[in-house]
2 protein chains.
Amino acid sequence: MARKQGSHAGITGPKVQEAALRLFAQHGFAAVSMRQIAAEVGVQAGALYNYTPDKQALLFDLLRDHMATLALALDQAGIAGDPLTRLDGFTRFHIRFHLRRRDAVFLSYMELRNLTPANFARIAALRRAYEDRLEAILRDGVTTGAFTLPDPRIATMALIALLTGITNWYRPDGRLSEADVSDTYLALVRQTVGAGQPAATAAPQDVSLAIGGLGA
Amino acid sequence: MARKQGSHAGITGPKVQEAALRLFAQHGFAAVSMRQIAAEVGVQAGALYNYTPDKQALLFDLLRDHMATLALALDQAGIAGDPLTRLDGFTRFHIRFHLRRRDAVFLSYMELRNLTPANFARIAALRRAYEDRLEAILRDGVTTGAFTLPDPRIATMALIALLTGITNWYRPDGRLSEADVSDTYLALVRQTVGAGQPAATAAPQDVSLAIGGLGA
DNA sequence: TTTTCAAATGAACGGCCGTTCATTTAATCA
DNA sequence: TGATTAAATGAACGGCCGTTCATTTGAAAA
């Protein structure tokens with residue numbers, strides 16, 4: 001039997017990627033067999049090789065697509081303005097994007113070790129470029145005096161870890177909506193960069209109240 | 001051939017754990033074979049079963065030992081005093097402990113999915129207990145007014161992610177010593193919890209200077 | 001010295017692995 | 001309609017997997 005109905009190249013291909021993403025994220029790259037992926041797609045194992053040269057390429061394509069989508073989405077997020085506004089925008093963007101792609105996020109952190117050195121270097125470069133976008137915001141903020149940070153590069157790594165960590169505990173059916181989480185983290189991130197008060201020029205009378213009202 | 005020299009029960013056992021930890025962290029649980037572990041120890045695969053009932057138990061024991069060591073070390077860290085002092089102590093402890101056990105830390109985050117549900121529940125409970133220790137500090141700080149936080153539970157998750165994330169990028173042979181990193185993160189953590197200034201009572205004249213000098 | 005037994009060997013078990021390929025099927029093109 | 005060809009099959013390849021176990025080894029106990 002072959003090609004049961006209609007032309008499948010444009011259908012089976014994406015299904016293979018989706019199945020591989022879900023299974024790799026759930027069980028780990030090495031723990032998932034090509035036969036399992038094929039079964040999920042509803043096909044025999046041999047058919048997968050119409051869509052990927054081998055298992056390693058399947059993983060690499062997933063990670064590269066994820067990073068490319070991330071960069072593109074950030075471009076289209078329309079983040080502009082003064083450093084604090086851009087930081088807020090980045091925070092909301094990062095949370096929203098990552099909460100909706102949890103499988104890919106998990107895969108991107110866990111399975112880098114299963115890439116060949118050459119493929120690893122390519123993914124690492126894409127990640128670094130993304131980090132640099134946040135770092136630029138932080139450096140601008142330090143320059144204008146909006147932020148207070150001992151080391152913008154370290155703060156970049158710290159903030160990305162802080163934000164991405166949401167995917168480790170957040171449950172869509174839990175007590176908090178995505179908007180709740182986003183608001184709470186926005187306040188935390190502002191505090192982290194030392195942006196609790198407008199500037200050193202205007203002395204705050206009650207910092208705790210000022211910060212408590214940032215949410216919206 | 002058997003028992004080439006001396007009694008080995010007390011030697012081979014730990015070597016098996018060490019080899020398994022290193023290999024699991026490097027390649028992933030599913031990607032490492034019992035034969036690879038045995039080769040690393042200098043023994044045949046069958047001999048491993050004198051020390052573990054099966055591969056799954058080997059993973060579980062590593063994760064449980066890691067969490068138990070973590071809890072014990074925290075107990076012995078002598079963290080006491082007002083909330084800010086305890087937060088500083090926790091921060092330094094967490095960084096120091098995690099940077100020295102990077103394999104175990106990575107394993108604890110990546111391979112939870114390879115545990116049976118029962119074993120997963122046991123590890124999750126141990127992790128939760130550790131998180132609760134930080135959460136208690138944050139809640140105390142909010143109560144005394146030392147900290148400003150919208151949601152102490154979320155702040156707990158955020159801080160642990162922020163701190164543990166160091167293991168993703170820190171390289172011992174890089175530009176920063178462990179003490180440098182620890183100092184920088186101490187300042188970041190203080191800002192994150194809104195502890196930049198002593199309290200709302202004394203209005204700070206220059207926040208950036210006050211924070212910049214926290215390092216030691 | 002002889003006995004005991006912890007510790008390790010090495011072969012064997014059934015089973016699944018990634019990948020290849022000749023073959024078959026069915027949709028599309030002429 | 002018949003020819004073409006994209007897409008999938010299913011069997012086969014060598015190889016490694018986790019685990020078991022009868023056997024061998026050699027250090028320690030008697």
Side-chain angles (χ1 to χ4, degrees), chain A residues 1-63 107 111 113-116 119, chain B residues 1-63 107 111 113-116 119:
Chain A
M1 204 186 336
R3 226 177 4 171
K4 295 182 190 154
Q5 48 197 1
S7 181
H8 283 173
I11 297 174
T12 306
K15 280 175 85 175
V16 169
Q17 300 265 340
E18 288 157 22
L21 174 58
R22 181 170 51 253
L23 289 173
F24 286 165
Q26 204 159 92
H27 308 291
F29 174 75
V32 174
S33 71
M34 294 299 267
R35 283 169 180 84
Q36 282 176 266
I37 297 171
E40 190 88 355
V41 174
V43 111
Q44 294 300 314
L48 298 181
Y49 292 85
N50 288 321
Y51 304 99
T52 184
D54 53 32
K55 198 185 174 192
Q56 160 79 203
L58 199 45
L59 173 63
F60 173 69
D61 285 349
L62 287 172
L63 298 189
L107 208 65
E111 303 297 355
R113 63 190 171 191
N114 281 310
L115 293 174
T116 61
N119 283 346
Chain B
M1 201 190 329
R3 220 166 21 165
K4 297 185 189 149
Q5 47 196 359
S7 181
H8 283 172
I11 296 173
T12 307
K15 280 174 83 174
V16 169
Q17 301 265 340
E18 288 158 21
L21 174 58
R22 181 170 51 252
L23 290 173
F24 286 166
Q26 204 159 95
H27 308 291
F29 174 74
V32 174
S33 71
M34 295 297 268
R35 284 171 178 83
Q36 282 177 268
I37 297 170
E40 189 89 355
V41 173
V43 111
Q44 294 301 313
L48 298 181
Y49 292 84
N50 289 321
Y51 304 99
T52 184
D54 53 32
K55 197 186 174 191
Q56 159 81 201
L58 198 46
L59 174 63
F60 174 70
D61 285 349
L62 287 172
L63 298 189
L107 208 64
E111 303 297 354
R113 63 189 172 191
N114 280 310
L115 293 174
T116 62
N119 283 346

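Sequence lines set the chain letters: A, B, ... in the order given, protein chains first and strands last, and positions in each chain run from 1. All figures in this text were calculated on a predicted structure; none of them were measured in a lab.
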Which whole-number value in Å describes the distance from [X] [atom1] to [N] [atom2]?
X     : N      : atom1 : atom2 : result
B:Y51 : D:dT19 : OH    : C1'   : 17 Å
B:L48 : D:dT20 : CG    : P     : 12 Å
A:I37 : D:dA8  : CD1   : P     : 15 Å
B:Y49 : C:dA6  : OH    : P     : 21 Å
B:D54 : D:dC17 : CG    : P     : 17 Å
B:R35 : C:dA8  : CZ    : P     : 18 Å

With respect to the side chain of [X], which nucleotide from [options] is positioned closest?
X     : options               : answer
B:T12 : C:dG18, C:dT19, C:dA8 : C:dA8
A:Q36 : C:dC17, D:dA8, C:dT9  : C:dC17
B:A45 : C:dT19, D:dT9, D:dT19 : D:dT19
A:A47 : D:dA8, D:dC17, D:dT20 : D:dA8
B:M34 : C:dG18, D:dG18, C:dA8 : D:dG18
B:N50 : D:dG18, C:dA7, D:dT19 : C:dA7
B:K55 : D:dT19, D:dA12, D:dA8 : D:dT19
B:V43 : C:dT19, C:dA8, D:dG18 : C:dA8

Exercise for review: Evaluate the side-chain proximity of B:Y51 to B:Q17: yes if any heavy-atom separation is below 4.5 Å, no if none is.
Suggested key: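 B:Q17 does not reach B:Y51 side chain to side chain.
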Check your understanding: Are the side chains of B:K55 and B:I37 in touch, meaning some heavy atoms are under 4.5 Å apart?
Key ->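 No, side chains not in contact.
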Review point. Of A:Q44 and B:V32, whose closest DNA chain D nucleotide lies nearer the 5' terminus?
Key: A:Q44
Exercise for review: State whether B:S33 places a side-chain N or O below 4.0 Å from either non-bridging phosphate oxygen (OP1 or OP2) of D:dC17.
Suggested key: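 Yes, B:S33 has a side-chain N/O under 4.0 Å of OP1/OP2 on D:dC17.
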Exercise for review: Tell me, with the steps shown, if B:T52 and B:V16 meet side chain to side chain contact (heavy atoms under 4.5 Å, CB included).
Suggested key: CA-CA 9 Å; B:T52 184; B:V16 169; 5.5 Å; no
Exercise for review: Could you list the residues that satisfy side chain to side chain contact (heavy atoms under 4.5 Å, CB included) with B:N114, not counting sequence neighbours?
Suggested key: B:F29, B:L59, B:E111
Exercise for review: Check for a donor-acceptor pair, side chain of B:E40 on one end and backbone N or O of B:L23 on the other, with a separation under 3.5 Å.
Suggested key: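 Side chain of B:E40 to backbone of B:L23, a donor-acceptor pair under 3.5 Å: no, none is there.
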